[in-house]
Amino acid sequence: MPRLLRGAALLIALLLCGCAGDGPAPVAAGGAFDLLQQEVFNPNCLSAGCHNSTAQAGGLNLTAGVSYGELVDIDPTNAVAQADGLLRVTPFAPGDSFLLVKVTAPGAGEGGRMPLGASALPPDQLEMIRAWIADGAPRGGTPEPSATPSPTPLPPSPTATATITPTPADTVTPSATVTGSAPPTSTVTATASASPTVTQGAGLTRIQNTIFTPSCATAFCHDAQTMSAGLNLSSEASYAALIDVVPTNAVARTAGLLRVEPFVPANSFLIVKVTQPGAGQGSKMPLGGAPLSAEQVALLTGWIEAGAPSN
């Protein structure tokens with residue numbers, strides 16, 4: 001969506017949110033970031049499976065002390081938002097900030113409205129976010145841990161420079177080499193031994209009907225409208241969306257995984273996500289639903305080992 005139209009759409013959404021009652025409460029210019037952390041992120045975004053330090057859904061960690069560096073001037077993992085040239089937060093430009101899109105009215109392919117599965121943020125909190133961004137997205141009064149090394153004398157501290165402003169690449173690369181490949185290897189080894197009884201006939205049609213359609217291509221998840229993480233697992237799109245496709249998750253990309261690599265379950269992020277994703281690899285799928293059974297995981301593994309046929 002062109003940036004001008006995006007800004008207009010967000011303005012309309014915010015105005016509509018403010019039409020109820022007496023409208024949003026007054027917000028000090030550029031509401032401080034520590035206030036956002038306390039009143040918006042902490043109570044709404046850090047629940048199990050969401051944007052906490054363990055799950056990091058969408059590759060985003062909104063815990064106190066980390067959230068600012070994860071938002072400001074950072075590219076989103078969502079492919080549609082990237083194509084529109086949005087950043088998670090673009091200082092002085094609420095209309096170019098994906099954070100505001102996600103809490104108001106995300107469009108096709110931009111995932112569900114946040115907080116996922118909960119009531120929309122009230123108008124005063126939406127205005128708090130908008131005002132903070134419009135004022136240049138200042139850090140606010142609470143120092144981030146990343147800023148605490150600054151008292152160290154600058155000349156002899158090249159290592160401090162590397163840690164002052166963490167980015168997703170800084171914070172996730174170390175774990176990629178440890179957790180990116182280890183979880184699928186250990187998990188797949190365990191499931192492969194159980195797969196001989198179900199590998200035969202493990203075609204995409206069976207997987208679509210028994211796994212993707214009932215568990216994944218549901219409202220606000222990987223259906224054609226929401227396409228969470230840019231992934232559409234509806235029957236007409238799932239094959240092309242999976243086979244030899246690079247995942248949007250930064251840790252998985254760094255580890256060299258594909259969503260599905262034919263013949264190689266250990267290098268297929270799909271298997272990681274339904275078994276035991278590591279740090280920075282998001283939540284276990286299906287999100288908020290019952291985990292896949294051992295037989296279903298074996299079915300997926302057997303399909304990939306057979307070359308991930310399209311029928």
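Numbering of residues begins at 1 and proceeds along the displayed sequence.
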Are the side chains of L87 and T90 in touch, meaning some heavy atoms are under 4.5 Å apart?
yes
Is a side-chain N or O of S283 found less than 3.5 angstrom from the main chain of A55, in a donor-acceptor match?
no
Quick check against the 3.5 Å criterion: does H222 have a side-chain atom that pairs as donor or acceptor with the backbone of L231?
yes
On the 0 to 90° scale, with breaks at 30° and 60°, tag the Y239-W303 ring pair as parallel, tilted or perpendicular.
perpendicular
Using atom types as modelled and distance alone, determine if a side-chain donor or acceptor of K102 lies under 3.5 Å from a backbone N or O of G112.
yes
With distance as the sole test, does N267 use its side chain to make a donor-acceptor pair with the main-chain N or O of E261 at under 3.5 Å?
no
Stepwise, does the side chain to side chain contact (heavy atoms under 4.5 Å, CB included) test hold for L204 with F212?
CA-CA 10 Å; L204 180 62; F212 294 161; 4.0 Å; yes
Minimal heavy-atom distance between N44 and Q125, with the atoms involved, is ND2-OE1, 3.7 Å
Name the one of D244, L270, T248, N249 that satisfies side chain to side chain contact (heavy atoms under 4.5 Å, CB included) with R259?
T248
Within a strict 4.5 Å, meaning less than it, do heavy atoms of the C45 and C50 side chains meet?
no
State whether the side chain of Q37 and the backbone N or O of L62 hold a donor-acceptor pair below 3.5 Å, judged by distance alone.
yes
Identify the two heavy atoms, one from A134 and one from F92, that lie closest to each other, and give their separation to 0.1 Å.
O-CD2, 3.5 Å
For the CD1 atom of I211 and the CG atom of L300, what is their distance to the nearest 0.5 Å?
4.0 Å
Check for me, please, whether L60 and M285 land in the same ILVMFWY cluster - side-chain distances under 4.5 Å, paths through other members count.
yes
Membership question, hydrophobic clusters at under 4.5 Å side-chain separation (ILVMFWY): are V297 and L258 in the same one?
no
Any chance you could measure E70, atom CD, to H51, atom NE2, to the nearest 0.5 Å?
10.5 Å
Within this structure, what is the OG-CG distance for the pair S228 and L116, rounded to the nearest 0.5 Å?
7.5 Å
Find out whether V66 and S53 are in side-chain contact, i.e. whether some heavy atom of one side chain is under 4.5 Å from a heavy atom of the other.
no
Does the side chain of F33 come within less than 4.5 Å of P138's, by heavy atoms?
no
Approximate separation, where rounding is to 0.5 Å, of L287 CG and S215 OG
12.5 Å
In this structure, OG1 of T63 is separated from CZ of F41 (nearest 0.5 Å) by 11.0 Å
All heavy atoms of S238 vs all of S235, minimum pair found to be OG-O, 4.1 Å
Intermediate values then yes/no, side chain to side chain donor-acceptor pair (under 3.5 Å), T213 and Q208:
CA-CA 6 Å; T213 297; Q208 185 71 51; 3.0 Å; yes
Indicate yes or no: at least one non-hydrogen side-chain atom of R113 is less than 4.5 angstrom from one of V103.
no
Are the side chains of S234 and D223 in touch, meaning some heavy atoms are under 4.5 Å apart?
no
Is there a path of hydrophobic side-chain contacts, each under 4.5 Å between heavy atoms of I/L/V/M/F/W/Y residues, joining I271 to V245?
no
Please find the pair of heavy atoms, one from P291 and one from P286, that lie closest to each other, and give the distance.
CA-CD, 4.3 Å
Kindly indicate, with the supporting measurements, whether the criterion side chain to side chain contact (heavy atoms under 4.5 Å, CB included) is fulfilled by D73 and V89.
CA-CA 6 Å; D73 290 322; V89 167; over 6 Å; no
Is the backbone of V264 close enough, under 3.5 Å, to the side chain of S268 for a donor and an acceptor to pair up by distance?
yes
Between L100 and L126 the two heavy atoms that sit nearest each other are CD1-O, 4.2 Å
Given R130 and T104, is the side chain to side chain contact (heavy atoms under 4.5 Å, CB included) satisfied, shown in steps?
CA-CA 11 Å; R130 189 209 63 77; T104 51; over 6 Å; no
Of all heavy-atom pairs between P43 and Q38, which one has the smallest distance, and what is that distance?
CD-O, 3.3 Å
T275 side chain to V272 main-chain N or O, any donor-acceptor pair under 3.5 Å?
yes
Between the main-chain N or O of T54 and the side-chain N or O of N52, is there a donor-acceptor pair closer than 3.5 Å?
yes
Is the backbone of V246 close enough, under 3.5 Å, to the side chain of R253 for a donor and an acceptor to pair up by distance?
no
What do the steps show when you test E110 against F98 for side chain to side chain contact (heavy atoms under 4.5 Å, CB included), and what is the final call?
CA-CA 9 Å; E110 293 180 329; F98 196 47; 4.0 Å; yes
If we only count heavy atoms from C-beta on, is the M128 to E39 side-chain gap below 4.5 Å?
yes
For the hydrophobic clusters of this structure (ILVMFWY residues joined by side-chain heavy atoms under 4.5 Å, transitively), does one cluster hold both I243 and L233?
yes
Would you mind reporting whether V40 and L121 have side-chain heavy atoms less than 4.5 Å apart?
yes
Any donor-acceptor pair under 3.5 Å from K273 side chain to Q281 backbone:
yes
